[in-house]
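First the structure, in the form of structure tokens, and then the observations on it.
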Amino acid sequence: MSSISLYNSFSRKVEPFRPQTPGEVKMYVCGVTVYDDCHLGHARSQMVFDTLHRLFLETGHVVHYVRNITDIDDKIIKKATEAGVPIDSITRTYIDSFFRDMGRMGILSPAKEPRATEFLASMVELIERLLAGGSAYRAGGDVYFRVKSFSGYGGLSHQVLDDLQSGARIEPGEEKEDPLDFVLWKGAKPGEPSYPAPFGPGRPGWHIECSAMSLHYLGPTLDLHGGGMDLLFPHHENERAQSEAATGRTFARTWMHNGFVTTSQEKMSKSLGNTRRIRAFFEESPFPETVTREWLRYFFLGTHYRSPVDFTDGGLASAKNALDGLHQCRALLLDRLSGEDPESDPRTGSLLLSFMEALSADLDTPVALSVLHGAKSRINPWLASGGAGSPPVDPREVRALFSLAGRTLGLLTTPPAAWVGGGGAGTGSRGSELASEEVDRLVRLREEARKARDFKQADALRDELRAAGIVLEDQPGGSPRIRRI
RNA sequence: GGCGGCGUAGCCAAGCGGUAAGGCAGAGGUCUGCAAAACCUUUAUACGGCGGUUCAAUCCCGCCCGCCGCCUCCA
């Protein structure tokens with residue numbers, strides 16, 4: 001099995017991935033702040049790390065995967081206040097929404113999904129350690145991290161302190177020693193929700209939860225820490241500073257950051273108001289959930305994780321059509337091989353090897369997909385001939401490859417009978433306005449016309465259905481296949 | 001201003017020193033009453049521009065042009 005190499009944001013190089021304990025991976029990925037539904041940016045990020053998670057599992061690693069849920073945050077408080085409801089009614093709503101979205105996308109659950117509210121004590125303890133060590137100080141009711149006390153600051157995001165200095169600001173009401181310093185604990189103002197702490201009631205700063213939770217579950221040194229590119233600075237830089245200041249150990253050996261999803265080439269973000277929600281994508285999809293899931297996954301996996309992906313109808317249509325071809329091939333293949341036990345399929349072979357090599361090379365999913373297509377074009381002629389002669393590649397290896405794609409990429413898992421081809425040119429689909437009884441009636445009429453060789457009438461009926469979003473595909477014997485677009 | 005990324009066929013997208021993977025769309029064909037679907041074949045003297053290094057550059061270096069991101073909450 002080829003070894004896995006990954007791009008490390010810290011060194012800015014692709015390096016062999018070597019966990020502290022061979023065969024065991026401690027990975028921590030930043031989850032979401034639960035004040036709104038997740039958008040496609042979150043979808044891609046979670047999908048990238050899900051793929052990595054699956055790759056580790058496939059290569060026999062034990063994976064200690066932790067993904068946090070931020071349920072203490074100013075935006076949550078603001079939303080709750082505006083709605084006049086308790087904070088936990090907001091967080092409960094969006095935690096549910098988050099889990100529903102992850103489920104829809106087929107994201108494998110991490111081993112642990114801690115929430116910030118469950119780790120207040122650990123955070124307080126960590127802050128006290130920093131205070132005791134001189135890395136933090138109290139000012140007003142707040143506690144700040146003293147950035148200048150950590151010599152490696154800026155090392156992760158490759159920022160120079162002086163350059164950062166010029167952009168940093170002190171908000172009104174803050175009493176920082178230095179504009180660069182960031183808050184570890186925010187003292188509560190009158191009327192604000194708060195948690196007790198030795199240094200006064202308040203709430204934790206944004207970064208401290210990740211330090212506390214990862215330390216708790218995974219110890220001082222992570223093998224891998226991931227998140228979106230936008231978390232590199234300041235979030236990850238600050239996490240690293242406070243963690244290393246507290247433990248004196250390397251916080252993360254490998255840092256991974258995924259690229260953005262854009263619309264009209266612009267970053268999709270809540271502040272720009274150009275987001276597209278995951279739930280909306282699924283709810284508006286003309287396809288069943290598992291089909292939509294594969295569709296979205298294929299779309300994102302078609303671009304390397306560090307590059308931006310522009311979310312367009314054209315790209316979506318292309319992804320759906322490409323997937324259709326793979327599914328078609330798989331359906332024929334499974335049918336052909338139905339008498340043979342998949343358990344006896346080969347475990348090795350050049351196809352399987354190329355696929356794994358692609359994934360192992362810094363998660364090169366586009367190349368992995370091309371391996372799938374390559375297998376398809378080699379096996380198709382044999383399949384089309386009804387399995388005559390000797391196949392150009394071992395069909396059982398192709399079956400094994402498709403199954404491998406299912407385990408690692410979450411693709412080609414929908415049963416052939418449940419796959420829905422076609423369409424995909426944009427979501428927000430219309431669906432058909434025709435009731436199925438009406439469709440059946442028109443199809444029957446057309447069949448009668450065809451039998452009578454009244455093709456003019458038959459074609460008119462077909463056109464009518466087509467206009468209503470129903471495409472008919474005649475089959476050799478029997479009734480036509482009905483496809484909704 | 002500081003730091004970083006990107007620019008490859010109509011569109012999307014790999015490759016990153018040895019002479020351009022893959023997908024979508026298009027074209028032609030097989031099949032079909034005709035279609036659709038499926039299948040087969042086909043589609044870049046060439047990688048933003050100009051210099052340089054090299055036996056050899058899309059891949060390395062420099063400059064230029066264009067686009068994007070981080071530096072503030074953000075996956």
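So you know, we letter chains A, B, ... as the sequences are listed, proteins then strands, and number each from 1.
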* Asked: Any chance the side chains of A:His257 and A:Arg306 put a donor and an acceptor closer than 3.5 Å?
  ->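 Short answer, no.
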
* Asked: Is it the case that A:Gln457 and A:Arg446 place a side-chain donor and acceptor less than 3.5 Å from each other?
  ->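 Side chains of A:Gln457 and A:Arg446: no pair found under 3.5 Å.
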
At less than 4.0 Å, is any side-chain N or O atom of [X] found next to OP1 or OP2 of [N]? Yes or no.
{"X": "A:Asn321", "N": "B:C24", "value": "no"}
{"X": "A:Arg12", "N": "B:G4", "value": "yes"}
{"X": "A:His373", "N": "B:G22", "value": "no"}
{"X": "A:Lys267", "N": "B:C70", "value": "yes"}

Give [X] one of three labels, base, sugar-phosphate or nothing, depending on what nucleic acid heavy atoms sit under 4.0 Å from its own.
{"X": "A:Asp474", "result": "base"}
{"X": "A:Ser271", "result": "base"}
{"X": "A:Ser264", "result": "nothing"}
{"X": "A:Arg378", "result": "nothing"}
{"X": "A:Gly315", "result": "nothing"}
{"X": "A:Phe455", "result": "base"}
{"X": "A:Gly41", "result": "base"}
{"X": "A:Gln46", "result": "nothing"}

Considering only the [atom1] atoms, how many Å lie between [N] and [M], rounded to the nearest integer?
{"N": "B:G4", "M": "B:C11", "atom1": "C1'", "value": "27 Å"}
{"N": "B:C31", "M": "B:A36", "atom1": "P", "value": "15 Å"}
{"N": "B:C12", "M": "B:C55", "atom1": "P", "value": "38 Å"}
{"N": "B:C73", "M": "B:G66", "atom1": "P", "value": "31 Å"}
{"N": "B:A14", "M": "B:G52", "atom1": "C1'", "value": "28 Å"}
{"N": "B:G29", "M": "B:A20", "atom1": "C1'", "value": "27 Å"}
{"N": "B:A56", "M": "B:G51", "atom1": "P", "value": "16 Å"}

* To do: Would you check, one step at a time, whether the test side chain to side chain contact (heavy atoms under 4.5 Å, CB included) holds for A:Val25 with A:Phe17?
  => CA-CA 10 Å; A:Val25 179; A:Phe17 176 72; 3.9 Å; yes

* Determine whether the aromatic ring centres of A:Phe311 and A:Phe299 lie less than 6.0 Å apart. =>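 Centroid distance A:Phe311-A:Phe299: below 6.0 Å, so yes.
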
As a test of reading the structure: which of [options] is closest to the side chain of [X], going by heavy atoms?
{"X": "A:Val261", "options": "B:A75, B:G23, B:A13", "result": "B:A75"}
{"X": "A:Glu266", "options": "B:C40, B:G69, B:C24", "result": "B:G69"}
{"X": "A:Leu231", "options": "B:C40, B:A75, B:C34", "result": "B:A75"}
{"X": "A:Lys270", "options": "B:C39, B:G33, B:A75", "result": "B:A75"}
{"X": "A:Ser370", "options": "B:C39, B:A21, B:G33", "result": "B:A21"}
{"X": "A:His158", "options": "B:C71, B:C3, B:A13", "result": "B:C3"}
{"X": "A:Ser307", "options": "B:G33, B:A75, B:A14", "result": "B:A14"}

* Asked: Is there a side-chain contact between A:Thr413 and A:Glu294 (heavy atoms, below 4.5 Å)?
  ->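 With C-beta onward as the side chain, the pair touches.
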
Atom pair distance, as rounded to whole Å: [atom1] in [X] and [atom2] in [N]:
{"X": "A:Lys456", "N": "B:G33", "atom1": "NZ", "atom2": "C1'", "answer": "15 Å"}
{"X": "A:Leu323", "N": "B:A37", "atom1": "CG", "atom2": "P", "answer": "17 Å"}
{"X": "A:Phe233", "N": "B:A75", "atom1": "CZ", "atom2": "C1'", "answer": "18 Å"}
{"X": "A:Ile379", "N": "B:C40", "atom1": "CD1", "atom2": "P", "answer": "11 Å"}
{"X": "A:Asn258", "N": "B:G5", "atom1": "CG", "atom2": "P", "answer": "17 Å"}
{"X": "A:Glu473", "N": "B:U32", "atom1": "CD", "atom2": "P", "answer": "16 Å"}

* To do: Say whether, by atom type as modelled, one donor and one acceptor occur between the side chain of A:Ser214 and the main chain of A:Ser211 under 3.5 angstrom.
  =>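 Judged by distance alone, yes, a pair lies under 3.5 Å.
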
[N] pairs with which nucleotide, Watson-Crick or G-U wobble, both distances below 3.5 Å?
{"N": "B:A38", "value": "B:U30"}
{"N": "B:U58", "value": "none"}
{"N": "B:G22", "value": "B:C12"}

* Asked: Any N or O donor-acceptor pair linking the side chain of A:Arg462 to the base of B:C34 at under 3.5 Å?
  ->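 Looking at the base of B:C34, it does pair with a donor or acceptor on the side chain of A:Arg462 (distance under 3.5 Å).
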
* Would you say the side chain of A:Asp459 and the base of B:G33 hold a donor-acceptor pair, judged only by whether the two atoms sit under 3.5 Å apart? ->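 When only heavy-atom distances are counted, A:Asp459 does reach the base of B:G33 through a donor-acceptor pair under 3.5 Å.
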
* Begin with the C-alpha distance, continue with both residues' side-chain angles, and end with the deciding distance and a verdict on side-chain hydrogen bond (donor to acceptor under 3.5 Å, both in side chains) for A:Asp178 and A:Tyr144. => CA-CA 10 Å; A:Asp178 188 300; A:Tyr144 295 96; over 6 Å; no

* A:Thr262/A:Asp310 under side-chain hydrogen bond (donor to acceptor under 3.5 Å, both in side chains): CA gap, chis, key distance, verdict -> CA-CA 5 Å; A:Thr262 62; A:Asp310 204 38; 2.6 Å; yes

